[in-house]
Number of protein chains: 2
Amino acid sequence: MKATMKDVAKMAGVGVGSVSRVINGEHVKETTRTRVEEAIKVLDYQPDIYARGLKTNRTNTVALILPSVWHPFFAEFALSVESCLAAQNYKMYLCNSNGNAEKEREYIQMVQQNKVDGIIGITYSDIDQYISSNLPFVSIDRYFTEDVIYVTADNAAGGRLAVDELLKRRCRHLAYIGGYQETPNETKNRRKYFEIECNARQVQYDVLDMLEPLTQVNRHINEFLDAHPGIDGIFTINDDMALTVCDVLQQRGQHVPDDVQVIGFDGQRIKEQDDFLVSTIVQPVALMAQKSVDSLLAVIAGQTVDNRTVLPVAFGASWTTQPIQ
Amino acid sequence: MKATMKDVAKMAGVGVGSVSRVINGEHVKETTRTRVEEAIKVLDYQPDIYARGLKTNRTNTVALILPSVWHPFFAEFALSVESCLAAQNYKMYLCNSNGNAEKEREYIQMVQQNKVDGIIGITYSDIDQYISSNLPFVSIDRYFTEDVIYVTADNAAGGRLAVDELLKRRCRHLAYIGGYQETPNETKNRRKYFEIECNARQVQYDVLDMLEPLTQVNRHINEFLDAHPGIDGIFTINDDMALTVCDVLQQRGQHVPDDVQVIGFDGQRIKEQDDFLVSTIVQPVALMAQKSVDSLLAVIAGQTVDNRTVLPVAFGASWTTQPIQ
DNA sequence: CTGTTAGCGCTTTCAT
DNA sequence: ATGAAAGCGCTAACAG
């Protein structure tokens, strides 16, 4: 039978209160502590999380809500978050909403029921539910209101950096290719600052921004390229899109990177610490995870934290400094 | 303030017992049920999972223990498991052991403390802890003993299939390149049945099997290829290795697939439903996840299930029917 | 500094 | 069929 606190108390010849104090690292007399610890070891006692949760309403769990974990960026982010949390003795519920607002709602309800201490969310749907859940909440990549904490990569700098890199490679006619959703989010800055930088540097550019969910992407890209035949440098909203663009280019008989340069966004790699899939603006995933967790736990602990964390991006390329095509 | 069962009972004018019965779908008089349901809706009552867990020792949570979630196969598997569980109203703890036995042990302890109802594990370390944990357990890709349930892809068929495909492509001199660990596991059958099939078909072959953790892989592969210059068809333990082999081949000036054919294992894709990264033996990830969850929940429910589930694999190639190089 | 005790919200007998 | 009551294992308030 599983040992309870009472068993430990009896064996150690103390009251349950003292056992509880030892467990929770409060101050007790040295002799008491050693006797309790001894008993704990002998009985292989482990506190019952559910009893504690019932009593305290704190559970050392955090929910991570993502739109799709298929996306390598999200997957890597999820893993980083999990390990940051584990390091602080927190557990993580992985909630995969599939970009479905209904599912997201279900999850919020589910995790409230499970008394998570807080939520980290990459969400492109409504915020009200998060607010109303009254739970500490950190948003990734999306700005809501002043008082919602969020952490994001520096998408603006990324957009500028892409222009810079493209120009370094002697491109004359740039393009942005991406997809977007109605709801505002930080990734829109990739396009916005790409355009701002193009204007500042007085370089010709065109934009293809498609409303999601994406359909007939290849056809649209083809038409876009037909309409603007001079394009020799392309910045895409993410690495997935970059790969798609590379595909289309190849089918059109244009060679990457000799004829056209392509830069993605995210920093996807095939294997850990391996080459990037395409030239790309790399998001500091691990850092973003760490920051999110730190902020969330700080809020949970009742501290005040910066509402806004913007993390630097970098240019990354595979060993050839060229997209694998 | 959050409503409790007592509040509901009072509002409905019944005892808490009846509320509990309604919640748990037991039989109650029709009028009682409707009054309770009404009160539940009005008060927005949600049962407290922790109180219930304390009382019943069942928690509707399952732990998934993986060696590394960076590996795309594991990542996809994790997602599938999560969604199968969610469909059955179960939550999942994601436990990322990093192939570290110590971390694995910690996790087991952690999840026992959290009263998970069962464990699904891809583990290459000791089993004793799982056994001793006395929790329903489903092993992926690894056979322990007769009474431990496991589900796996048909690695044997995969090994044979690789030989078959390679011969179809007129290869004359095959090779297996892989890594291995001391502990036995199902993936060793990839090599074993590759060899068996080679022998049966009387085709020349060589083997490079490296002890993990892998170091200086490229050098070893180079030396291996130097030592066996005639090799024109390679089967690797997984897609990662296939990519590495493609790299090495390219650096040696050998062209894939014109000079050498390469077939991996797993079925990694860059994007969901997109082309495979390399020609490969595809594991039915979603099916494996479904089967694991079904088996585990069956055991939890006290039913008896097949201890051994072997799921079919298939040959898969990118649209060019050639590895992207 | 420490033992005792009252619940946390739920399920589950036990009467009724 | 259902209300009353015990108690799951823990924490925290209180009294000493």
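The chains referred to below are lettered A, B, ... by the order of the sequence lines, with proteins before strands, and numbering in each begins at 1. All values below were derived from every heavy atom in this structure, side-chain atoms included, with hydrogens, water molecules and symmetry-related copies excluded.
- Across every non-hydrogen atom of Met288(A) and Phe77(A), the tightest pair is C-CE1, 3.8 Å.
- Nearest heavy-atom pair across Glu82(A) and Asn96(B) is OE1-CB, 3.5 Å.
- Ser20(B) comes within 4.0 angstrom of a base, heavy atoms only.
- No more than 12 heavy atoms of other residues, nucleotides or ligands sit less than 6.0 Å from atom NZ of Lys10(A).
- Nearest-nucleotide assignment on DNA chain D puts the 5′-proximal partner with Leu54(B), out of Glu26(A) and Leu54(B).
- Taking the nucleotide of DNA chain D with the nearest heavy atom to each of Arg21(A) and Ala51(A), the more 5' of the two is matched to Ala51(A).
- Contact between Asn185(B) and Asp141(B) at its shortest, heavy atoms only, is CB-O, 3.7 Å.
- For DNA chain C, the contact window with chain B, defined by any atom under 4.0 Å from a protein heavy atom, covers dG9(C) to dT13(C) in 5' to 3' order.
- Read 5' to 3', the first and last nucleotides of DNA chain D with an atom closer than 4.0 Å to a heavy atom of chain B are dA1(D) to dG9(D).
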### Message
Using the rule given for salt bridge (Lys or Arg N to Asp or Glu O under 4.0 Å), can you reason through Arg33(A) versus Glu30(A), listing the C-alpha separation, both sets of side-chain angles and the distance that settles it, and then say yes or no?
### Response
CA-CA 5 Å; Arg33(A) 146 157 285 116; Glu30(A) 193 51 33; 5.1 Å; no
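- Among residue pairs with one or both ends in residues 7-29 of chain A, none qualify as ring-ring contact (aromatic ring centres under 6.0 Å, His included); sequence neighbours excluded.
- Applying the 6.0 Å contact sphere to CD of Glu146(A) captures no more than 12 heavy atoms from other residues, nucleotides or ligands.
- Across every non-hydrogen atom of Lys91(A) and Tyr93(B), the tightest pair is CB-CE2, 3.7 Å.
- An end-to-end axis angle of 40° holds for the helix from dC1(C)-dG16(D) to dT16(C)-dA1(D), taken from five base pairs per end and rounded to 10°.
- Heavy atoms of Val14(B) sit under 4.0 angstrom from primed sugar atoms or phosphate atoms, though from no base atom.
- Asn57(B) comes within contact range of no nucleotide atom at all, as no heavy-atom separation falls under 4.0 Å.
- Only Val28(A), Lys29(A), Thr32(A), listed by number, bring a heavy atom of residues 28-45 of chain A to less than 4.0 angstrom from any atom of DNA chain C.
- Heavy-atom contacts from other residues, nucleotides or ligands closer than 6.0 Å to NZ of Lys2(B) number more than 12.
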N/O donor to acceptor pairs below 3.5 angstrom from side-chain atoms of residues 40-51 of chain A, sequence neighbours left out:
{"unit_1": "Asp48(A)", "atom_1": "OD1", "unit_2": "Tyr50(A)", "atom_2": "N", "d": "2.7"}
{"unit_1": "Asp48(A)", "atom_1": "OD1", "unit_2": "Ala51(A)", "atom_2": "N", "d": "2.9"}
{"unit_1": "Asp48(A)", "atom_1": "OD2", "unit_2": "Lys115(B)", "atom_2": "NZ", "d": "2.7"}

